[in-house]
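Sequence lines set the chain letters: A, B, ... in the order given, protein chains first and strands last, and positions in each chain run from 1. The structure displayed is predicted, hence computed values, not measured ones.
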2 protein chains.
Amino acid sequence: MTDFDRRQTRRRFGTNSVTMADVARVAGVSAQTVSRVLREPDSCSPQSVERVREAIRSTQYVQNHAASHLASNRSMTVVAVIPQIAASIFAETLQGLSNVLLEAGYQVIIGHSDYSHEREEAVVRNLLGRRPDAFFLVGTQHTEAVRGMLMRAAIPVVESWAWTDSPIDQLVGFSNEAALQEAVAYARRRGYARPTFVGSVRPGDDRARERLSGYLAGVARHYPGFVPRTVVAEDLPYTMTSGRVLLAAARQHHPDSDLLMFSSDLLAAGALLACEREGIAVPKQLAIMGFGDYEVASELNPGLTTIAVPTVRMGEEAARILIRRLRNETPATRTLDLGFELVARGSA
Amino acid sequence: MTDFDRRQTRRRFGTNSVTMADVARVAGVSAQTVSRVLREPDSCSPQSVERVREAIRSTQYVQNHAASHLASNRSMTVVAVIPQIAASIFAETLQGLSNVLLEAGYQVIIGHSDYSHEREEAVVRNLLGRRPDAFFLVGTQHTEAVRGMLMRAAIPVVESWAWTDSPIDQLVGFSNEAALQEAVAYARRRGYARPTFVGSVRPGDDRARERLSGYLAGVARHYPGFVPRTVVAEDLPYTMTSGRVLLAAARQHHPDSDLLMFSSDLLAAGALLACEREGIAVPKQLAIMGFGDYEVASELNPGLTTIAVPTVRMGEEAARILIRRLRNETPATRTLDLGFELVARGSA
DNA sequence: CTGTTAGCGCGTTCAC
DNA sequence: GTGAACGCGCTAACAG
């Protein structure tokens with residue numbers, strides 16, 4: 001297009017920012033060559049590469065990602081939906097995911113569901129509009145609409161932080177239920193007589209619900225004849241303060257419990273610190289277990305007996321799987337169990 | 001274009017997903033009308049709105065964001081660059097930012113700098129390619145290249161978590177230096193004789209550096225004749241474990257210190273728990289102060305004396321300012337000081 | 001290895 | 001209130 005044509009043409013708005021065509025003009029090549037230098041420099045002559053790179057520097061060109069996305073039908077983004085960002089263990093998984101994906105040129109877009117299936121559905125619908133190349137989800141329980149949308153999108157999906165035999169696509173996780181069964185087995189071995197499950201189980205938090213099931217199954221198996229005891233709130237946030245509140249509730253409802261098994265380390269830590277304040281001896285008078293092996297678990301006095309889960313690795317492995325899928329490599333397996341590990345410390 | 005033409009035309013790949021034209025066909029209107037119903041339903045007849053909405057439901061249409069971005073030159077995204085995502089207080093700021101921006105239809109894209117100015121520069125350059133409508137940054141110290149890129153981008157920018165008289169564009173924060181000066185004044189009032197600053201100051205962490213300056217200024221003012229004492233690591237992560245390590249270093253270098261002022265609550269918490277383990281009485285034998293008022297501060301025994309900063313509000317206010325700017329409203333002020341508050345508890 | 005051509009799906013402009 | 005035409009900036013396809 002000549003300058004004359006351009007003047008004739010109805011000009012709309014323009015970004016008035018440097019475009020690939022501008023770079024091409026400066027470098028004395030076609031726009032296509034600029035594009036190729038950016039994406040596969042090996043298929044261009046060294047002179048072209050050098051001239052284009054110099055032109056990019058001198059013009060301060062920044063590639064327009066939306067245009068690239070539209071033309072190539074690849075957005076180079078991966079959406080990750082987690083329950084919560086702030087004060088959340090899922091941020092570690094995100095970090096693992098993001099670190100590996102960034103290496104491969106993918107940007108992670110984060111959505112959060114606030115532990116609600118409805119919000120998750122809204123978030124998935126909304127973020128699907130950004131046409132991500134892949135999806136990462138925390139949890140394996142989703143509404144039918146979510147499953148439907150993601151199947152129809154026909155992109156790789158990895159679920160995590162739980163276990164199921166029928167993932168939407170692929171799964172990198174561990175069994176929350178098996179983890180709590182092992183915790184109950186440990187309690188039995190250590191001779192505790194009346195273990196109580198204490199936790200906050202928010203409506204959309206299936207991981208916590210599976211831990212509760214695991215406790216019940218574990219008691220059935222390892223404590224025959226013992227009636228399981230649970231102290232479960234449905235709306236408490238996962239904070240140390242909630243742990244203090246739940247401790248009080250547990251002591252009121254089951255004053256003779258000798259072990260409290262919390263659904264999260266944060267709750268357990270809050271309870272342990274509250275015990276210290278109130279002069280309740282841990283573990284002598286009351287033992288405490290947590291879940292997650294947060295950093296605080298090893299620093300408390302006594303150290304918190306808990307279950308370590310591969311928070312960062314889940315993100316990293318999920319990213320590796322997604323990258324392989326995006327290269328059209330077929331996956332070896334649909335599911336990857338990263339397991340968990342009981343960490344015995346002083347509190348139980 | 002007729003079906004015949006379409007057959008003649010070289011067809012590239014297509015997303016084979018539903019487009020606005022498909023919806024228009026089903027609804028019996030033009031694509032323009034579909035677009036209008038989506039963006040400004042009030043300017044369309046109720047019948048059109050209803051028919052289009054029904055067509056969207058039946059086709060399960062999801063708008064292509066990249067195409068919308070390219071055509072309108074608005075990406076409806078805001079980039080936020082924070083030092084770190086996992087185990088980070090900045091996640092709270094992010095939550096505040098994101099909550100308010102989502103309401104207005106903006107998606108937040110997160111980048112992290114790992115406390116490095118070089119990484120920040122790379123991240124800013126990369127994310128600028130997504131043509132965000134606005135930018136949010138933690139910190140006020142950036143490389144010249146970052147400032148240049150953001151000025152040239154000609155979009156609203158909010159910096160936060162610190163203070164400066166010459167922000168790139170706008171600023172929502174507080175003075176880390178003033179905060180530590182106030183902490184030193186408090187120490188003086190409470191009669192401590194040898195307060196020591198203890199912290200990890202990573203290369204790109206200007207906030208921590210400003211706290212250190214604040215300590216030095218506070219000592220000069222409130223402890224005339226006293227030689228300031230600092231125990232500063234440059235590479236320790238901001239964790240409780242580091243707090244334990246720093247406590248040991250502080251006790252070795254300045255065994256007669258009666259107050260340790262940590263640059264972060266996480267470090268202080270780790271130190272306080274380590275004191276408990278080693279039988280050091282807090283605050284009698286050694287007092288401890290933190291920074292940030294993390295949740296753990298109020299749960300520890302004794303409670304941690306610290307400085308509370310408006311983590312969530314900084315994000316919310318930043319979002320409100322950005323939204324106003326994106327509506328082309330002129331800002332009342334360039335800077336917004338949200339202050340801080342000293343919270344006195346048992347540890348000092 | 002490089003250039004030409006066409007079109008990705010949408011929003012803006014303008015005419016009705 | 002609605003539709004037709006056009007182009008946003010880039011890349012796939014093809015030809016040389």
- request: Rounded to the nearest angstrom, tell me the gap between atom CG in B/Asn64 and atom C1' in D/dC10.
  value: 14 Å
field: Contacting residues from residues 33-55 of chain B, given that a heavy atom lies under 4.0 angstrom of DNA chain D
entry: B/Thr33, B/Arg36, B/Ser43, B/Cys44, B/Ser45, B/Ser48
task: Could you tell me the separation between the CG atom of A/Asn73 and the P atom of D/dA13, rounded to a whole number of Å?
output: 11 Å
Proximal nucleotide (of D/dA4, D/dC10, C/dG3) relative to the B/Gln32 side chain: D/dA4
task: Write down the distance between CG (A/Leu70) and P (D/dT11), rounded to a whole number of angstrom.
output: 11 Å
query: According to a strict under-4.0 Å criterion, is A/Ser68 in side-chain N/O contact with OP1 or OP2 of D/dT11?
result: yes
- request: Determine yes or no for a side-chain-to-main-chain donor-acceptor pair under 3.5 angstrom, with B/Ser98 supplying the side chain and B/Gln95 the backbone.
  value: no
field: Heavy-atom side-chain contact between B/Pro203 and B/Tyr115 under 4.5 Å
entry: no
- request: For A/Ile56 and D/dG9, give me the distance from atom CD1 to atom C1', rounded to whole Å.
  value: 14 Å
- prompt: Has A/Tyr61 got a side-chain N or O lying under 4.0 Å from the OP1 or OP2 atom of D/dG9?
  reply: no
message: Hydrogens and angles aside, do B/Ser113 and B/Glu120 bring a side-chain donor and acceptor to less than 3.5 Å of each other?
response: no
statement: note: B/His65, atom NE2; C/dC10, atom C1'; distance rounded to Å ~ 12 Å
- prompt: Checking side-chain hydrogen bond (donor to acceptor under 3.5 Å, both in side chains) against B/Glu159, which of B/His142, B/Gln170, B/Gln141 comes through?
  reply: B/His142
Donor on one side chain, acceptor on other, A/Gln107 and B/Arg130, under 3.5 Å: no
query: Does a nitrogen or oxygen in the side chain of B/Ser72 sit under 4.0 Å from OP1 or OP2 of C/dG11?
result: no
field: Pair B/Glu317 + B/Arg313, salt bridge at N-O below 4.0 Å
entry: yes
query: Between D/dC8 atom P and A/Asp22 atom CG, what is the distance in whole Å?
result: 12 Å
query: Rounded to whole angstrom units, what separation is found between the NE2 atom of A/His69 and the C1' atom of D/dC8?
result: 15 Å
message: Checking the side chain of A/Asp133 only, and the main-chain atoms of A/Arg74 only, is there a donor and an acceptor separated by less than 3.5 Å?
response: no
statement: Atom CZ of A/Arg131 and atom P of C/dG9 are separated, to the nearest Å, by 9 Å
